[in-house]
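Written below as structure tokens is the structure these notes are about.
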Number of protein chains: 2
Amino acid sequence: MPTKRTTLASIAQALEISVSTVSKALSNSPEIGVETKKRVLEYAKANNYTPNSFASSFRKGTTSTIGLIIPNILNPFYAKVLLGVESYLDDHGYKLITSISNDFIEKETKNLSVMSSGFVDGLIICVSKEAEEKKEYDHIKQLIDNGTPIVLFDRICDELVCDKIITDDYQAAFDATEYLIKERNCKHIVITCKTNTLQHLDLRRQGFEKAIEKYKDEVKCKVIIDDRSKGLKQKLAALLKSDPTIDGVFGLNEKSVLNAIVLTNKLQKKNCNISIAGFCNDLQSKYDSSLIVINQNAKEIGKEAAKLLLQRIKSKDTTAFQTKTIAVDL
Amino acid sequence: MPTKRTTLASIAQALEISVSTVSKALSNSPEIGVETKKRVLEYAKANNYTPNSFASSFRKGTTSTIGLIIPNILNPFYAKVLLGVESYLDDHGYKLITSISNDFIEKETKNLSVMSSGFVDGLIICVSKEAEEKKEYDHIKQLIDNGTPIVLFDRICDELVCDKIITDDYQAAFDATEYLIKERNCKHIVITCKTNTLQHLDLRRQGFEKAIEKYKDEVKCKVIIDDRSKGLKQKLAALLKSDPTIDGVFGLNEKSVLNAIVLTNKLQKKNCNISIAGFCNDLQSKYDSSLIVINQNAKEIGKEAAKLLLQRIKSKDTTAFQTKTIAVDL
DNA sequence: GTGAAAGCGCTAACAG
DNA sequence: CTGTTAGCGCTTTCAC
């Protein structure tokens, strides 16, 4: 039965007192007499009054809602970030509104403008691949100028002046590669990558190369380059088949690690032994202990981003923007 | 520079016309003169006016926001559902607010009440495991009685009278098992499960057993039961190692399929050959073609749920609740 | 202790 | 064509 919602006004009318009295009674203000409070509370419960938080948000000018924009929810990294954000916000009485950009500027822009038009108190953003490649940040810059609190994570850029959360991609890649060399005794490692790539993937590659450089007397490396994902996979497959000296693969991202796993699994029937290291948040990685996974602590990233944002919102301070680096572990 | 936001009132004042004229001009109402429209539009753009959609939502009494409640975002099934919901809503001018229950009634209830208190026009819910096990649906029932449009998916129950979206778990499990038997020539299939389980897992198991029953002359099956996930994995490992006649594994959910993959991968080095079938949405499944995955079309489920909900919202009709079944494919 | 009244930013019915 | 007015449901002075 879709009865009319109970409102402050309806309670006031029924109890023949004023709206403001009801409001104060419900928020347990000391101004109101005990007797009145009891009456109001009872009536409210009996008619299961639920305050219209939308109205109250409107009145107060803040919504207790945060917007999150991520490129892709099927990538477990972003899913974990979302989890971190959501749980932190939830613990602090905030709601989360999510938008998935699919790596397109257009959708990013569209949702950004809807959200920022009064719906959220602040935003947590991982910019779309398209925006990063074209270096088009105006749609975000505009919001910052406008005074909207924003925290950027994962893919960041210097043009945008705001709080940021990042992983030390360079160091992480270096460490994992070193592990591959020293602990797994790899002598010949392959890496796959595309030419025109994102900033953080570049950093990862540099970390990898730095490690190879450091141990250049003991280890060789091969770089497979192709701009189509399919091409990368095929070339890797061919190489693994033709060159039995390869004993290590380094994956720059989710996809390349998974590819490597599948390909080497097929080969292992023939008794070769290849170690894999790389950036991967897939569930799979938990189930396969032989893998060296770089744990980006995605949930932690989400949590810290949310924390930073709420701090910013509360301390109306517009200076001293922070960039926090979240540690990784292997 | 956090300048004051431009509002209808500020435009009106600057241009020395009334607020309602501005409002109409901006919504391109035919009532307003071309000249005035131009002035308003120009001024608005110059001061980059963005309408406060929050206020307008409040005024209109609808928020164009939908709430989604899922147990776990790391499960790719739910992530895909979210994707489907989000993209459908986005195409129809709706926003999405997400809450993750972690399978606990408490959090589910809490978020339900926040959301439904004016923040959303409707809800899409997959009830928490705890709620399903304890058959506690009052927190949801209350909302339905209250008139909030709700669509349930995946885990549903008869007590709740509303629109629903489900997969034909029984049929899907039957088909996949049959495939294992007929196409992969499996003769000895293992299944792992817990005793006290969820409705849809039960249906899956029944589908599996029906198939075994049908082909009972050609195939044997073993059922491993343990109420701890770890126990299941260990027992499965032991069985696979000790009994080489086993040539098939059926996984009732994400986790059991992944377990099976890892365990059999280890064994395959020793040249045995085991086929795996089951319910799995993990990325992994895409990379391993030998797997028989039951594709639940999660994105489709999300899309249909959103569609059903928007229909319900628009057609204030409270009768004729639908239950839609989304087909699966192998 | 309680209440009257203003107003958040916008929309819409109704006058002119 | 343009303006006036009355709220949406709630919070918050300020007066009684």
Side-chain angles (χ1 to χ4, degrees), chain A residues 3-41 43-44 47-65 113-121 146-147, chain B residues 3-41 43-44 47-65 113-114 116-121 146:
Chain A
T3 47
K4 280 273 159 294
R5 255 178 160 284
T6 316
T7 68
L8 287 194
S10 71
I11 300 182
Q13 198 177 9
L15 264 44
E16 297 188 297
I17 53 180
S18 82
V19 178
S20 54
T21 307
V22 179
S23 171
K24 286 171 191 163
L26 286 173
S27 55
N28 197 23
S29 156
E31 287 182 38
I32 303 298
V34 192
E35 195 51 41
T36 317
K37 273 187 196 169
K38 220 167 73 183
R39 282 179 63 213
V40 172
L41 250 18
Y43 184 91
N47 295 62
N48 68 79
Y49 166 74
T50 44
N52 185 334
S53 47
F54 200 80
S56 108
S57 281
F58 177 50
R59 176 68 231 264
K60 294 201 279 219
T62 83
T63 60
S64 293
T65 303
S113 69
V114 176
M115 286 187 182
S116 64
S117 65
F119 254 100
V120 299
D121 292 345
N146 212 23
Chain B
T3 48
K4 282 270 158 296
R5 254 176 160 288
T6 316
T7 67
L8 287 193
S10 72
I11 299 182
Q13 198 177 8
L15 266 44
E16 298 189 293
I17 52 179
S18 80
V19 178
S20 59
T21 307
V22 179
S23 170
K24 285 173 192 160
L26 286 171
S27 55
N28 197 22
S29 154
E31 287 182 34
I32 302 297
V34 192
E35 196 50 41
T36 316
K37 274 186 196 167
K38 219 165 74 183
R39 281 179 63 215
V40 172
L41 249 19
Y43 184 91
N47 295 61
N48 65 80
Y49 167 74
T50 43
N52 185 333
S53 46
F54 199 80
S56 116
S57 282
F58 177 48
R59 176 64 235 261
K60 295 200 279 218
T62 85
T63 62
S64 295
T65 303
S113 69
V114 177
S116 63
S117 65
F119 253 99
V120 299
D121 292 345
N146 211 22

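Predicted, not measured: the structure shown is a model, and the values here were computed from it.
With sequence neighbours left out, B/Y49 forms a ring pair (Phe, Tyr, Trp, His ring centres under 6.0 Å) with no residue at all. For B/Y43, the ring pair (Phe, Tyr, Trp, His ring centres under 6.0 Å) test picks out no residue, with sequence neighbours left out. For the salt bridge (Lys or Arg N to Asp or Glu O under 4.0 Å) test, no residue two or more places apart in sequence or in another chain qualifies with A/K37. Listed by chain and number, the residues in a salt bridge (Lys or Arg N to Asp or Glu O under 4.0 Å) with A/E31 are A/K24 (sequence neighbours excluded).
Side-chain to base pairing of A/K24 with C/dG1: no donor and acceptor N or O lie closer than 3.5 Å to each other.
The interatomic distance linking B/K38 (NZ) with D/dC1 (P) rounds to 15 Å, in whole Å. Look at CD on B/E16: it is 14 Å from C1' on D/dG3, rounded to the nearest Å. The interatomic distance linking B/D121 (CG) with D/dC8 (C1') rounds to 14 Å, in whole Å. Atom pair A/I11:CD1 and C/dG3:P shows a separation of 14 Å (rounding to whole Å applied). Note: CZ (A/R5) to P (D/dC8) measures 14 Å, nearest angstrom. Spacing between atom CD1 of B/I17 and atom P of D/dG3 amounts to 6 Å, rounded to whole angstrom units.
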Test side-chain contact (heavy atoms from CB on, under 4.5 Å) applied to B/T21 and B/L15, step by step
CA-CA 11 Å; B/T21 307; B/L15 266 44; over 6 Å; no
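Between A/V40 and A/I32 there is no side-chain heavy-atom pair separated by less than 4.5 Å. Counting heavy atoms from C-beta on, the side chains of A/D121 and A/T65 never come closer than 4.5 Å.
Between B/T21 and D/dT2 there is no side-chain polar atom (N or O) within less than 4.0 angstrom of OP1 or OP2.
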Interface polar pairs with nucleotides 7-11 of chain C, N/O, under 3.5 angstrom:
{"unit_1": "C/dG7", "atom_1": "N2", "unit_2": "A/R59", "atom_2": "NE", "d": "3.3"}
{"unit_1": "C/dG7", "atom_1": "N2", "unit_2": "A/R59", "atom_2": "NH1", "d": "2.9"}
{"unit_1": "C/dC10", "atom_1": "OP1", "unit_2": "B/Y49", "atom_2": "OH", "d": "2.7"}
{"unit_1": "C/dC10", "atom_1": "OP1", "unit_2": "B/N52", "atom_2": "N", "d": "3.1"}
{"unit_1": "C/dC10", "atom_1": "OP2", "unit_2": "B/L8", "atom_2": "N", "d": "2.7"}
{"unit_1": "C/dT11", "atom_1": "OP2", "unit_2": "B/S23", "atom_2": "OG", "d": "3.2"}
{"unit_1": "C/dT11", "atom_1": "O2", "unit_2": "B/R59", "atom_2": "NH1", "d": "2.1"}

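Of all heavy-atom pairs between B/S53 and A/F119, the closest is OG-CD1, 3.6 Å.
Between the CD1 atom in B/I11 and the CZ atom in B/R39 there is a gap of 11.5 Å [rounded to 0.5 Å].
Less than 4.0 Å separates DNA chain D from at least one heavy atom of each of the following residues of residues 27-37 of chain B: B/E31, B/I32, B/G33, B/T36.
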